[in-house]
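Chain identifiers are assigned alphabetically (A, B, ...) following the order of the sequence lines, protein sequences preceding nucleic acid strands; residue numbering begins at 1 within each chain. In this text, all values refer to a predicted model and were calculated from it rather than measured experimentally.
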Protein chains: 2
Amino acid sequence: MPRKKQYDPEEVLQKAMHVFWKNGYRSTSLRLLEKELGINQFSIYSSFENKHTLFVKALKRYRKYMREGILQVLIRSDGDLEDIRRFFKTFVDTIQSAKSPSGCLIANTAAEIGSSDHEIHKVLKEYFDMMEKIFLELLKKSHQRGLLADDINLRRKAQYLVTCTEGLSLSSKVMERSYHNAFISAVMDSLEK
Amino acid sequence: MPRKKQYDPEEVLQKAMHVFWKNGYRSTSLRLLEKELGINQFSIYSSFENKHTLFVKALKRYRKYMREGILQVLIRSDGDLEDIRRFFKTFVDTIQSAKSPSGCLIANTAAEIGSSDHEIHKVLKEYFDMMEKIFLELLKKSHQRGLLADDINLRRKAQYLVTCTEGLSLSSKVMERSYHNAFISAVMDSLEK
DNA sequence: CTTATTTCTAAGCGAATGTTTAGATATTAA
DNA sequence: TTAATATCTAAACATTCGCTTAGAAATAAG
């Protein structure tokens with residue numbers, strides 16, 4: 001009996017992720033979403049409840065997008081520390097590309113919202129935890145291969161790499177490419193045995 | 001002949017800096033400024049042109065505020081690397097304190113505005129350059145004292161510390177204190193000879 | 001085809017945004 | 001005391017915000 005949806009909610013969510021990524025939460029108006037998603041405001045509300053809920057879903061989508069995308073080089077690594085450099089380089093490419101010159105959505109949101117919104121803060125924290133776990137698994141393998149100092153604190157080093165990643169995202173919005181290459185080299189130096 | 005101002009524009013600017021620091025540029029409305037600064041919208045416009053100009057002035061004021069405040073431990077350092085740790089600890093205290101639980105104004109603005117506004121971007125870049133110079137001067141002294149490896153790239157290390165500082169600011173909006181202590185320790189380890 | 005159900009379009013809701021203005025108030029040189 | 005000038009208060013400006021609604025259009029079971 002019912003009429004069919006003329007759009008795919010999954011595709012729309014993907015588009016919404018990019019719009020929020022580029023403009024931030026507050027600066028993304030429903031008029032802009034309407035235009036970029038190609039669907040009416042009514043449809044946005046009937047499919048995603050409201051702007052806040054849509055944003056939270058977009059944030060979670062970003063986590064999936066990263067996990068299945070550029071984080072794969074870390075996840076599939078056999079412990080080669082150069083994989084970390086490769087990730088950082090791809091990361092800078094991504095966040096500075098003309099396609100999405102908008103840093104990291106998580107970092108942007110952390111700066112914009114922080115912990116003032118409990119639901120959003122929870123997703124941010126989960127992202128940080130995911131990143132820590134990914135780095136930790138890689139470092140464990142590196143450690144087993146003898147690439148790291150014996151007495152190293154792996155968890156601390158993983159947390160260190162997470163904060164370095166977010167710092168990289170932030171400075172990418174201000175400084176030029178050579179600046180980040182220098183940072184990446186400095187971080188890699190600090191990992192050496 | 002004229003009537004006197006019933007407020008001190010310098011004091012008002014200082015207050016404006018804190019309001020923007022806490023809420024960000026877009027989320028700071030003129031009604032809020034009116035309330036927090038204790039002066040009328042008319043007075044804001046007659047003294048500071050408009051919201052954008054007021055924000056740029058507040059950003060520059062923040063740079064001065066930091067230079068004359070918690071950055072002094074770096075500026076006055078004789079090259080003791082522990083001064084860097086002291087700075088990081090004070091920095092985390094500041095940005096996580098109940099008084100201003102809002103990270104670093106520069107980092108927040110970089111995430112919110114980035115390079116989309118030329119005038120603001122210029123102030124951000126100047127801040128990064130200032131930070132780099134401050135770290136560089138300290139590292140030079142450390143190097144002369146033989147506290148660093150002979151073949152170290154001082155400029156690269158200074159840039160590294162700037163990005164670490166901004167990363168610290170960002171993760172302070174998501175993670176708890178112990179997380180940052182771990183990061184600070186990891187950064188300090190990476191500085192050792 | 002009829003009819004029940006859902007999605008669509010498009011207009012409109014009250015509230016908030018940055019900015020401006022009209023008029024009252026205060027100050028000081030003459 | 002008077003007159004000129006700057007600053008104050010408070011209201012209003014047009015625009016945009018997130019969100020809702022009334023009614024037309026489309027779908028598929030009966």
So which of K133(A), R63(A), K64(A), K60(A) actually passes salt bridge (Lys or Arg N to Asp or Glu O under 4.0 Å) with E126(A)?
R63(A)
Verdict with reasoning, R67(A) to I75(A), per side chain to side chain contact (heavy atoms under 4.5 Å, CB included)
CA-CA 8 Å; R67(A) 201 193 309 118; I75(A) 294 168; 4.0 Å; yes
Have Q96(B) and R177(B) got a donor and an acceptor in their side chains that come within less than 3.5 Å?
no
Rounded to the Å, how far apart are E34(A) CD and dT9(C) P?
9 Å
Separation of dT7(D) atom P from D8(B) atom CG, nearest Å, is 14 Å
Counting heavy atoms not belonging to E119(A), are there more than 12 under 6.0 Å from its CD?
no
Presence of S43(A) side-chain N/O under 4.0 Å of dT7(C) phosphate oxygens OP1/OP2:
no
Between dT7(C) atom P and L37(A) atom CG, what is the distance in whole Å?
17 Å
In terms of side-chain geometry, is the basic nitrogen of D78(B) or R145(B) positioned less than 4.0 Å from the acidic oxygen of its partner?
yes
Which part of the nucleic acid, if any, lies within contact of S46(A), taking any heavy atom under 4.0 Å across all strands shown: a base, the sugar-phosphate backbone alone, or nothing?
nothing
Face-on cation placement of K51(A) at Y25(A) ring, 6.0 Å and 45° thresholds:
yes
N/O (side chain, Y7(A)) to phosphate O (OP1/OP2, dC8(C)) under 4.0 Å
yes
Grab the CZ-P distance between F42(A) and dA26(D) for me, whole Å please.
16 Å
Classify every nucleotide of nucleotides 14-19 of chain C by which part a protein heavy atom approaches to under 4.0 Å, writing B for the base, S for the sugar-phosphate alone and - for neither, in 5'-to-3' order.
---BBB
